[in-house]
There are 2 protein chains.
Amino acid sequence: MLTERQLLLLQLLVNDYIISAEPVGSRSISKREDVHYSPATIRNDLADLEEMGYLEKTHLSSGRVPSEKGYRFYVDHLLSPEILSQNELGTIREAFRRKFSETDDLIHVTARVLSEFTNYTAIMLGPELLDMRLKHLELVKLSESQGVMIIVTDTGHVENRTVSFPELIKAEDVEKIINILNDKLNMVPLYQLQARLDTEVRAVLKKNIADYQRVMALLKDGLSISDPNRIFYSGKSNILEQPEFRDINKVIALLNVFESNDLVRELMDMPSGGLHIRIGRENKLNGIEDCSLITTTYSAGDDHLGTVAVIGPKRMAYPRVVTMIDLIAKLLTKSLSKEKSE
Amino acid sequence: MLTERQLLLLQLLVNDYIISAEPVGSRSISKREDVHYSPATIRNDLADLEEMGYLEKTHLSSGRVPSEKGYRFYVDHLLSPEILSQNELGTIREAFRRKFSETDDLIHVTARVLSEFTNYTAIMLGPELLDMRLKHLELVKLSESQGVMIIVTDTGHVENRTVSFPELIKAEDVEKIINILNDKLNMVPLYQLQARLDTEVRAVLKKNIADYQRVMALLKDGLSISDPNRIFYSGKSNILEQPEFRDINKVIALLNVFESNDLVRELMDMPSGGLHIRIGRENKLNGIEDCSLITTTYSAGDDHLGTVAVIGPKRMAYPRVVTMIDLIAKLLTKSLSKEKSE
DNA sequence: GTTAGCACTCTCGATCACTGAGTGCTAAAT
DNA sequence: ATTTAGCACTCAGTGATCGAGAGTGCTAAC
C-alpha cells in the first residue's frame with residue numbers, strides 16, 4: 001500500500017513530467033509551494049515508488065520518470081479531469097452549432113476541434129457499416145453497360161458501387177427491380193442483404209423479370225458490403241512536435257500504423273463502450289509502444305456506435321484529454337441525433 | 001554552352017547523387033568504368049559547371065551537389081526514362097486487372113501501387129466535381145424531418161448531403177419533385193444547378209406543389225455543391241525514409257501541407273495536362289522547398305481530368321518516377337474508361 | 001520519522017587533435 | 001592546347017578528455 005505522501009508525490013511527479021518531459025528530481029518537487037518535505041525525504045519515497053515499479057530512472061543518477069504501471073495507477077486513482085475555461089467551452093460549443101451539409105463534414109470538424117484543443121492526433125471511426133439497416137436502394141444507369149448501385153442506410157449513410165449491367169435490360173425492368181428490392185429489403189441489416197436476396201427476392205424476380213439470373217448476379221455484386229467503415233484523422237503532425245518523437249524511426253513506425261486501416265481498427269477495438277485509456281504496451285501493436293490512446297464512443301442514432309480517439313505520447317495530458325474527448329463525443333452525439341429528429 | 005564532357009559529367013553526377021545522397025567528388029566519378037578522365041580534369045569541368053550555376057558545394061572543400069538549376073537541366077536535357085523489367089511491369093499490370101467495386105477503390109489501389117513502386121508519396125486528385133453533369137437525383141426520407149439528397153454524376157460519382165424536410169410534406173409530393181428535377185436538370189453541369197433551379201424548376205414546382213417555397217429552400221440547400229474533390233495519399237511515410245528528412249521540422253512542415261487540402265490543390269495545379277516536373281522552389285509553397293513534384297493527368301471519361309502526383313526529395317529518381325507515373329496514369333485511364341463502356 | 005551532508009554517478013556541452021575526402025592551383029606531360 | 005600529377009589547404013566528422021550540473025544513495029544527526 002502507498003502512503004498518503006507517496007500518493008501525493010506520484011501525482012505531482014506525473015503532472016510535472018507531463019509538462020516538462022524531463023526526468024523529475026527530488027529537489028524540484030520539494031521546491032513547490034504546496035510541498036514542505038525536504039529533498040531527502042522525497043528521495044526516500046521516490047526510491048520506494050521505484051522499487052514498487054511505479055517509477056523508473058533513465059540512468060543511474062537521473063531524476064524519475066513514470067513507468068507504465070505508474071501511469072496506469074495515475075489514471076486509475078489520481079486523475080482529476082481538467083475543468084475547461086468558459087472561453088474554451090464556448091469556442092468548442094460554437095464549432096458544433098453551425099449547420100453541416102454532410103455527416104462526413106461533421107465528423108471532420110469534430111476531429112479537427114479535438115486535435116486542435118488537445119494538440120495530439122484525433123482519430124474518428126464511423127459506426128460499423130454492417131450493423132446499419134437498409135433504408136433505400138437505387139440503381140442508376142450510366143451507360144448501356146454500366147450503372148451505380150446506391151445504398152442508403154437508416155442513419156443516412158450512403159454507399160455506392162459501380163455495377164455492370166446485363167445487356168439489353170429494359171428501363172422499366174430496372175424500375176421494377178428496384179421497387180421489389182425496396183419492398184422486400186426495407187430495414188434489413190446490411191450484413192443480411194446477401195442472404196435475404198436468395199430467400200426473399202429470387203422467387204419474386206423469377207416471376208417478374210425475364211433475364212432474372214443475370215439480374216441476380218448483378219444484385220449480388222452490388223449488394224456485397226465488404227467496405228469497412230471509414231477512418232478520419234486530424235492533427236497527424238501534432239504528435240511529431242512531442243519531444244519523444246524526435247527520433248524519426250518512431251515517426252515512421254507510427255505513420256505506418258496510420259496507413260493501415262486494419263491496424264488502426266484493431267487498435268481502436270475496445271471491449272465495451274465509454275471511455276478507455278490504453279497506455280503504451282497495453283496497446284498490443286508494434287510501433288506505438290510509446291503512445292497512449294484514449295477512446296470513447298459516440299452514437300449515431302439508436303445503437304450505432306462510433307469511436308473517437310486521441311493518440312499521443314504516454315506522457316499525455318490525461319486530465320485535459322479526458323475532459324475534452326468526453327465533451328466532444330457528447331456534442332457529436334447530440335449533433336447527430338439532432339440531425340435525425342429535429 | 002556545355003561541352004560534351006560536361007554534359008556527361010553532369011548526368012553522371014546527378015545519377016550518382018540520386019543514389020548516394022552524398023556530395024559527389026571528382027575522384028569517385030573518375031573511378032567509374034565508363035569514364036577515363038583523371039580526377040583533375042573532372043575537377044576543372046566541375047568547377048566550370050559550378051560557376052555556371054548547375055552545381056553547388058555544401059562547404060568549401062566538399063564534393064558537388066546539383067543545384068535546382070542543375071536538376072532542371074538534367075530533367076530537361078539529360079533524362080532518359082527508366083525501362084521497367086518485365087517482372088515489375090507484370091506486377092503492376094496485374095494490380096489493375098482485378099475488379100473494383102467502387103471508383104474510390106480503384107483510386108486507392110492506384111495510389112498504393114505508385115507509392116510502393118517509387119518509394120515516394122503518391123497523391124491522387126479527382127476530377128473537378130463542378131465540371132461533372134447531373135445524371136440522377138434522389139431524395140430519401142429518413143425520418144419525419146430529415147432526409148438525404150443524393151446526386152449521381154455522369155461519371156458515376158455519388159455525392160450526398162443531409163437535408164431537413166418541411167413538415168408534413170407528402171410522400172407522393174417527394175416523388176413528384178424528384179421526377180420534375182430529374183426531368184429538368186438531366187445532364188446539367190453541377191455548377192449550374194443552383195441557377196437552373198430558379199430558371200427552370202421554380203415555375204413547374206409552383207404549379208404542382210402546394211408548399212413550393214419551402215421545397216425550393218430545401219432544394220437550394222441540397223444542391224449546393226461546395227464540396228471540393230477528394231484527395232488521397234499513399235506512402236506518406238516513405239518520404240520520411242529519405243535522409244533529407246532526418247530533420248523533424250521539415251517533416252512537420254511537409255505533413256502540415258498534406259493536412260490542408262487547399263494547399264495541396266494549389267500545389268498540384270498545373271497550367272496544362274500531361275507530365276509536369278516541379279523542382280524545389282519551383283513549387284511556390286512554403287514547406288516543400290526541398291521537394292520535387294511530378295504530376296500527370298488521367299482521364300475519367302470524356303474530358304474529366306484528374307491529377308496523379310508523386311512527391312519526393314529534390315534528389316528524386318526522376319527516370320524511374322517519370323516512367324512509373326506515366327504508365328500508371330495510363331492504366332488508370334484505361335480502367336476508368338473500361339468501367340464506362342465495357 | 002525526517003533532514004543535512006557527502007561521496008558518487010551520469011549526462012551534456014565544450015574543446016582539441018586527428019583523419020579522410022575533396023578542392024584549387026601550378027607545373028609538367030602528352 | 002589539353003590533360004594530368006603533385007601539393008598545400010580546407011572542412012566535416014570522430015573520438016577522447018574534462019568540468020559543470022543535476023541527481024542519487026547512504027549515513028549520521030535531529
Side-chain angles (χ1 to χ4, degrees), chain A residues 1-10 12-17 19-67 70 243-244 246-247, chain B residues 1-10 12-17 19-67 70 243-244 246-247:
Chain A
M1 258 315 281
L2 296 182
T3 66
E4 275 300 315
R5 193 175 56 213
Q6 285 170 336
L7 290 176
L8 175 69
L9 290 178
L10 180 54
L12 291 179
L13 188 140
V14 175
N15 285 340
D16 234 48
Y17 184 63
I19 295 170
S20 70
E22 305 270 298
V24 182
S26 53
R27 236 177 82 86
S28 71
I29 295 184
S30 105
K31 266 198 240 150
R32 295 177 54 116
E33 287 185 2
D34 45 350
V35 174
H36 21 261
Y37 304 104
S38 75
T41 312
I42 293 172
R43 268 207 292 286
N44 286 332
D45 275 341
L46 295 189
D48 290 348
L49 285 168
E50 184 181 352
E51 209 170 314
M52 289 183 272
Y54 295 112
L55 298 180
E56 286 169 350
K57 282 190 284 200
T58 59
H59 56 109
L60 201 67
S61 75
S62 75
R64 260 79 173 200
V65 161
S67 67
E244 25 273 276
R246 253 179 297 159
D247 175 3
Chain B
M1 257 317 278
L2 296 181
T3 67
E4 276 300 317
R5 195 174 57 214
Q6 285 170 337
L7 289 175
L8 175 69
L9 290 178
L10 181 53
L12 291 178
L13 189 140
V14 175
N15 285 340
D16 233 49
Y17 184 63
I19 295 169
S20 70
E22 305 269 296
V24 183
S26 53
R27 232 177 86 86
S28 70
I29 295 184
S30 105
K31 266 196 238 148
R32 294 178 54 120
E33 288 185 2
D34 47 350
V35 175
H36 21 261
Y37 304 104
S38 75
T41 311
I42 293 172
R43 268 207 292 285
N44 286 331
D45 276 340
L46 295 189
D48 289 349
L49 285 168
E50 184 182 353
E51 212 169 312
M52 289 184 272
Y54 295 111
L55 299 179
E56 286 169 354
K57 281 190 284 201
T58 58
H59 58 100
L60 202 66
S61 74
S62 74
R64 260 81 172 199
V65 160
S67 66
E244 25 272 276
R246 253 179 296 161
D247 176 3

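Because only heavy atoms are used, hydrogens play no part in the values below, and waters and symmetry mates are left out as well, while side chains stay in. Each chain gets a letter, A, B and so on, in the order its sequence line appears, and its residues count up from 1.
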Nearest whole Å is fine: how far is D:dG23 C1' from A:Glu22 CD?
13 Å
Which residues share a side chain to side chain donor-acceptor pair (under 3.5 Å) with B:Asn15, sequence neighbours left out:
B:Tyr74
How close or far is atom P of D:dG23 from atom CG of A:Leu55, stated in whole angstroms?
15 Å
Considering just the side-chain nitrogens and oxygens of B:Arg5, establish if one lies under 4.0 Å of OP1 or OP2 belonging to D:dT2.
no
Taking only residues two or more places apart in sequence, or in another chain, which ones meet A:Ser20 in a side chain to side chain donor-acceptor pair (under 3.5 Å)?
none
Between C1' on D:dT3 and CG on B:Asp48, what's the gap in Å once rounded to a whole number?
14 Å
Who pairs with B:His59 by side chain to side chain contact (heavy atoms under 4.5 Å, CB included), at least two apart in sequence or on another chain?
B:Ser61, B:Ser62
Whole-Å distance between D:dT2 P and B:Glu4 CD?
16 Å
For A:Ser38, give me all partners under side chain to side chain contact (heavy atoms under 4.5 Å, CB included), at least two apart in sequence or on another chain.
A:Ala40, A:Thr41
Taking atom P of D:dT3 as reference, at what distance in whole Å does atom CD1 of B:Ile42 sit?
11 Å
Taking all atoms of both residues into account, what is the closest heavy-atom pair of A:Val65 and A:Pro23, and its distance?
CG2-CA, 3.9 Å
Partners passing salt bridge (Lys or Arg N to Asp or Glu O under 4.0 Å) against B:Glu50 (at least two apart in sequence or in another chain)
B:Lys57, B:Arg64
Review item, side-chain donor-acceptor pairs of residues 26-33 of chain A, under 3.5 Å, at least two apart:
{"unit_1": "A:Ser26", "atom_1": "OG", "unit_2": "A:Arg43", "atom_2": "NH1", "d": "3.3"}
{"unit_1": "A:Ser28", "atom_1": "OG", "unit_2": "A:Gly25", "atom_2": "O", "d": "3.1"}
{"unit_1": "A:Ser30", "atom_1": "OG", "unit_2": "A:Arg27", "atom_2": "O", "d": "3.4"}
{"unit_1": "A:Arg32", "atom_1": "NE", "unit_2": "A:Asp34", "atom_2": "OD1", "d": "3.3"}
{"unit_1": "A:Arg32", "atom_1": "NH2", "unit_2": "A:Asp34", "atom_2": "OD2", "d": "3.3"}

Quick one: A:Tyr37 OH to C:dG1 P, roughly how many Å, whole number?
14 Å
Protein and nucleotides 14-20 of chain D: nitrogen or oxygen contacts under 3.5 angstrom:
none

For nucleotides 20-30 of chain C, give me one character per nucleotide, 5' to 3': B if any protein heavy atom sits under 4.0 Å from the base, S if the only such contacts are to the sugar-phosphate, - if neither.
--BBBB-----
Go through the structure and list residues passing salt bridge (Lys or Arg N to Asp or Glu O under 4.0 Å) with A:Arg5, not counting sequence neighbours.
A:Asp45
